[in-house]
Amino acid sequence: MTPSVPMSPLPPSPAPASTVPGGSVLPWVRAPRRMLVASLAVGVLAEVLLETARWGLGFPLVVAALVGALVWLGGREGWQRARPNAWLLAPLGLVSAFVAVRDSSWLLLLNVVTAAVLLMMLSHFWAAGRVQRLGLIDYVLVFFGSAAQSLLYPPVLVRDSVDVRGLKTHSRLLGALTRGLLLALPVLFVFGVLLESADGIFSSTVGRLLSFNLDVELMVARGLAVAFSACVAAGVLGHALRRRATKELGDAEGASASPRLGFVEALTLIFAVNALFFVFAAFQVSYLFIGDASSPAAGYTFAEYARRGFFELVVVASLTLVLVMALAHWTRRETRMAQTVFRASTSLMVALTLIILASAMRRLSLYEDAFGYTLLRVHTHVFMWALGAVLAWRAVTLWWKPERFAVGAFATALGSVLVLNFLNPEAFIIRHNLERYARTGSLDTEMFYDMSADAVPGLVQAGANLPEEHQWRVAPVLKQHRMRLERRDSFSEWNVSRFLARRALLRTGAWSEPVNP
């Protein structure tokens with residue numbers, strides 16, 4: 001006799017969505033009260049840690065609390081089904097932690113925006129799907145779609161957590177208590193006035209108890225801030241733990257488009273562009289990389305030659321990436337030979353574009369050697385390296401797994417943000433511009449006044465290494481930064497760069513000097 005196999009219970013079917021007046025359908029939420037409590041807790045924590053003049057340690061703590069609430073609510077089911085997407089937690093933790101490391105306003109904005117994007121991606125892929133299955137446009141759709149759907153969950157939690165029937169059941173008792181309080185208030189007022197007149201000590205004690213000042217505006221502002229943060233947390237948690245009724249982006253590989261462009265037409269376009277790029281690249285290699293590029297081309301100044309050519313070449317590289325993607329998407333390749341020829345010719349286009357991009361980077365380097373580094377130029381350098389990496393990855397995916405181009409571009413964008421944080425652009429600018437000052441005697445110190453605490457340790461070290469007759473260029477800048485750093489950080493505002501900046505100033509004795517000249 002065949003032993004019977006116990007059948008596993010069927011998963012519970014999702015509860016039907018509730019229709020609200022107006023015809024809109026709100027989603028269904030599992031364990032709404034626990035989710036509401038978690039959202040309110042994160043909202044209160046965000047109000048306490050982020051309602052400060054400067055962000056620091058509080059931001060990664062709030063992000064960690066939100067992820068912790070998601071793990072607590074998600075349980076075993078949501079985590080196991082989407083474990084391949086857990087790598088998103090690594091860049092999320094890093095960019096959040098860098099809010100407590102870097103003081104630059106540029107990096108603060110970049111890190112906060114990147115953390116928001118990663119939170120939306122993590123929320124979308126927490127229970128199912130794969131990040132690597134998205135197309136390039138799908139990343140934008142997932143972010144904005146998740147943000148829009150998250151708006152539906154705060155009213156759902158309130159609707160499902162508040163027991164309206166229970167309130168109706170106790171409505172008589174609540175009405176009786178309200179009427180009793182209304183009757184007691186005038187009686188208490190009369191008796192209180194009489195007793196206060198009868199005893200001076202009692203009167204002074206009551207006066208002290210009633211002398212507190214209720215800052216109504218502050219309380220309302222704090223309440224609204226808590227409600228906003230709780231709504232954000234509820235949206236992230238609700239969207240992550242949603243019941244999936246239909247297939248969503250990332251659940252399956254994207255369907256390939258129907259090729260509409262003929263192979264001969266596409267190959268003609270590719271060969272024409274390659275010929276133009278080859279001629280241009282030959283000129284760039286002969287002049288910028290082999291010839292004498294220490295001076296600009298005839299009829300141009302350094303600024304004109306670098307700036308005029310740089311932006312055009314970056315646009316050309318970007319448009320070439322779009323062109324290669326479009327051709328790979330729409331070109332018909334019906335035979336193995338056609339596929340090989342197409343891949344080889346488009347790979348050549350990418351290689352020539354990389355030479356053009358290298359030419360743009362060389363022009364920018366010439367400009368920086370002549371005029372020094374700025375924040376915009378450093379950020380542009382990182383962008384160009386990222387663009388070059390994406391182009392190289394496009395060439396790789398022409399031959400191997402074309403559907404994985406989008407996730408490589410997404411990872412490159414995340415890597416660029418992390419590179420900027422590890423590089424510390426302001427300290428990089430201080431170091432290289434002061435080295436250039438030692439060689440050329442030319443230094444623009446105006447930008448140093450606008451930098452953050454990230455630059456202070458480098459300024460202190462440079463001031464100590466400069467000859468005494470040149471230290472007057474750095475001393476006023478350090479005094480300005482000292483005035484900004486006089487106010488100490490609270491626990492939630494604590495930041496590594498500001499801590500190191502104060503310690504560097506203390507070691508030099510600049511902290512004990514009077515601020516006013």
Side-chain angles (χ1 to χ4, degrees), residues 11 14 17 24-32 34-35 38-39 42 62-96 111-157 229-255 403-415 417:
S24 61
V25 178
L26 294 178
W28 176 76
V29 175
R30 182 179 59 186
R34 285 198 303 165
M35 193 175 293
S39 301
V42 174
V62 170
V63 173
L66 184 56
V67 174
L70 184 55
V71 173
W72 175 59
L73 291 169
R76 186 179 180 88
E77 176 187 0
W79 180 248
Q80 282 195 340
R81 285 192 297 170
R83 186 174 292 178
N85 302 314
W87 65 269
L88 291 171
L89 290 171
L92 175 61
L94 282 173
V95 297
S96 302
N111 289 330
V112 171
V113 170
T114 305
V117 171
L118 287 170
L119 274 175
M120 286 295 98
M121 299 294 295
L122 190 67
S123 176
H124 182 85
F125 290 104
W126 179 260
R130 297 291 183 270
V131 181
Q132 61 269 24
R133 292 173 180 167
L134 293 179
L136 202 59
I137 304 299
D138 294 340
Y139 283 91
V140 180
L141 297 178
V142 164
F143 173 73
F144 287 104
S146 299
Q149 292 181 29
S150 298
L151 300 176
L152 300 175
Y153 290 95
V156 172
L157 296 184
S229 301
C231 286
V232 173
V236 173
L237 297 175
H239 187 62
L241 303 177
R242 68 195 180 281
R243 292 293 188 183
R244 294 170 177 251
T246 58
K247 288 290 184 180
E248 299 183 8
L249 292 174
D251 289 347
E253 296 287 352
E403 68 277 5
R404 293 295 177 260
F405 168 72
V407 70
F410 178 67
T412 302
L414 295 179
V417 175

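Values in this document were obtained by computation on a predicted structure and should not be read as measured data.
- The local environment of CG in Leu136 is crowded, with over 12 non-hydrogen atoms from other residues, nucleotides or ligands closer than 6.0 Å.
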I'd like a table of donor-acceptor pairs (distance under 3.5 Å, sequence neighbours excluded) in which one partner is a side-chain atom from residues 407-415, with atom names and distances.
| residue | atom | partner | partner atom | Å |
| --- | --- | --- | --- | --- |
| Thr412 | OG1 | Gly408 | O | 2.8 |

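- Listed by chain and number, the residues in a side-chain contact (heavy atoms from CB on, under 4.5 Å) with Ala38 are Ala69, Trp72, Leu73, Leu237 (sequence neighbours excluded).
- For Ala115, the side-chain contact (heavy atoms from CB on, under 4.5 Å) test picks out Phe59, Leu92, Val95, Ser96, with sequence neighbours left out.
- Of all heavy-atom pairs spanning Val131 and Tyr139, the tightest one is O-OH, 3.2 Å.
- In terms of the side-chain contact (heavy atoms from CB on, under 4.5 Å) criterion, residue partners of Phe143 (sequence neighbours excluded) are, by chain and number, Val117, Met120.
- Residue Val236 comes nearest to Ser150 through the heavy atom pair N-OG, 4.3 Å, listed as atom of the first residue, atom of the second, then distance.
- Closest of all the heavy-atom pairs between Arg242 and Tyr153 is CB-OH, 3.3 Å.
- Atoms CG and CZ, from Asn85 and Arg133 in turn, are 9.0 Å apart once rounded to the nearest 0.5 Å.
- Summarising the geometry, atom OG1 belonging to Thr114 is positioned 11.0 Å from atom CG belonging to Leu119; distances are rounded to the nearest 0.5 Å.
- For Val142, the side-chain contact (heavy atoms from CB on, under 4.5 Å) partners are Met121, His124, Phe125, Leu134, Ser146, Leu249, not counting sequence neighbours.
- Ala234 and Leu157 make their closest contact through CB-CD1, 3.5 Å (heavy atoms, listed as atom of the first residue, atom of the second, distance).
- Every residue two or more places apart in sequence or in another chain that forms a salt bridge (charged side-chain N to carboxylate O under 4.0 Å, His left out) with Arg404 is listed here: Glu253.
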